[in-house]
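This structure is a prediction, so every number in the text was calculated from the model and none was measured. In listed order, ligands and their atoms are each counted from 1.
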Amino acid sequence: MDTDVDGLVASGSPSADPLHTLADHMSAFEEDLEEILISDREIQGKVADLGEQITRDYARRDLLLVGVLKGAFVLMADLSRHIGLPMEFDFMAVSSYGAATQTSGVVRILKDLDHEIMGRDVLLVEDIVDSGLTLSYLLKNLRTRKPASLEVCALMQKTGAQQVPLDIRYRGFEIPPVFVVGYGLDYGERFRNLPFVATLRPEVYRDAVS
Ligand code: IMP
Ligand code: MG
């Protein structure tokens, strides 16, 4: 058992795998989840790779990471700690109207950026690209503000679901066009804190509709 300088007992030994330990606590979600599509380990490995690429590409540039709330908050936190460069952060909050598990393409800005982006190297961080309509709207909006560059980092993209052409410079995973939760993504604001990405059992949607 480890003790720190104040004599407090640490909850685990340094060699314990925190992700594994966390998985043991996931039983509370078991009745809602169908299948784990991307494990926490796979995500962490990919996020580290993306961070390294970004570090190489943005050396000596004026990097501003812009997270799209709420879904991207988990990726922002992990990704940014794999980027070994001075940088700044900003966030936008958007909501798209439409059915609970589908976007309509009509995007409303709930919170705009705090800072001007003119002349800056903006990297937009998104959780997932489905139809691409949200991202397409955001890119169009941000381009009018004349950043020096504007690129996208998205953890996931759904195969064959895209309705508009998009250039996603940094993409983590391609997944089937199914609704997923976890690692920032929600269903009815729940499940964002799962360290992995999973599909939901059909009953979860059915219960929500009735
Ligand atoms: P798009 O406009 O169709 O590309 O949808 C993008 C937005 O819809 C994302 O930023 C997510 O907030 C949300 N979204 C799309 N697919 C999923 C999903 O499978 N689970 C949770 N949210 C999703
Ligand atoms: Mg959402």
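Taking all heavy atoms of Tyr137, Phe179, Phe191 into account, the minimum distance to atom 18 (C) of ligand 1 is reached by Phe179.
Judged purely by atom type and a 3.5 angstrom limit, Thr55 uses its side chain to pair as donor or acceptor with the backbone of Gly84. No side-chain donor-acceptor contact under 3.5 Å links Thr199 to the backbone of Val180. Judged by distance alone, the side chain of Glu35 and the main-chain N or O of Leu37 form no donor-acceptor pair under 3.5 Å.
Taking a cut-off of under 4.0 Å to the non-hydrogen atoms of Ser131, the atoms of ligand 1 that pass are 1 (P), 2 (O), 3 (O), 4 (O). Every atom of ligand 1 with a heavy atom of Lys158 under 4.0 Å away is listed here by number and element: 16 (N), 17 (C), 18 (C), 19 (O). Residue contact check: Glu126 has heavy atoms under 4.0 Å from atoms 10 (O) of ligand 1.
In Asp186, the part holding a heavy atom less than 4.0 Å from any atom of ligand 1 is the backbone. Of the heavy atoms in Ile128, both backbone and side-chain atoms come closer than 4.0 Å to ligand 1.
Residue contact annotation: Val181 has no non-hydrogen atom under 4.0 Å from ligand 1. Under the 4.0 angstrom criterion for non-hydrogen atoms, Val178 is in contact with ligand 1.
Ion pair Arg190/Asp32 flagged as a salt bridge, since at least one NZ, NE, NH1 or NH2 atom sits closer than 4.0 Å to an Asp/Glu carboxylate oxygen. Comment: Lys70 engages Glu189 in a salt bridge, judged by a side-chain N to carboxylate O separation of less than 4.0 angstrom.
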(request) Might you work through the ring pair (Phe, Tyr, Trp, His ring centres under 6.0 Å) test for Phe73 and Phe91, ending with a clear yes or no? (result) CA-CA 9 Å; Phe73 82 100; Phe91 291 93; 9.1 Å; no
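Remark: ligand 1 and Asp130 share an N or O pair separated by less than 3.5 Å (distance only, no angle test). Looking at ligand 1, you'll find an N or O of Val180 within less than 3.5 Å of one of its N or O atoms. Close N/O approach between Gly132 and ligand 1 is found [any backbone or side-chain N/O within under 3.5 Å].
Partners of Asp49 under the side-chain contact (heavy atoms from CB on, under 4.5 Å) rule, at least two apart in sequence or in another chain, do not exist in this structure.
Sorted by first then second residue, the salt bridge (charged side-chain N to carboxylate O under 4.0 Å, His left out) pairs that include residues 137-155, not counting sequence neighbours, are Asp112-Arg145, Glu151-Arg169.
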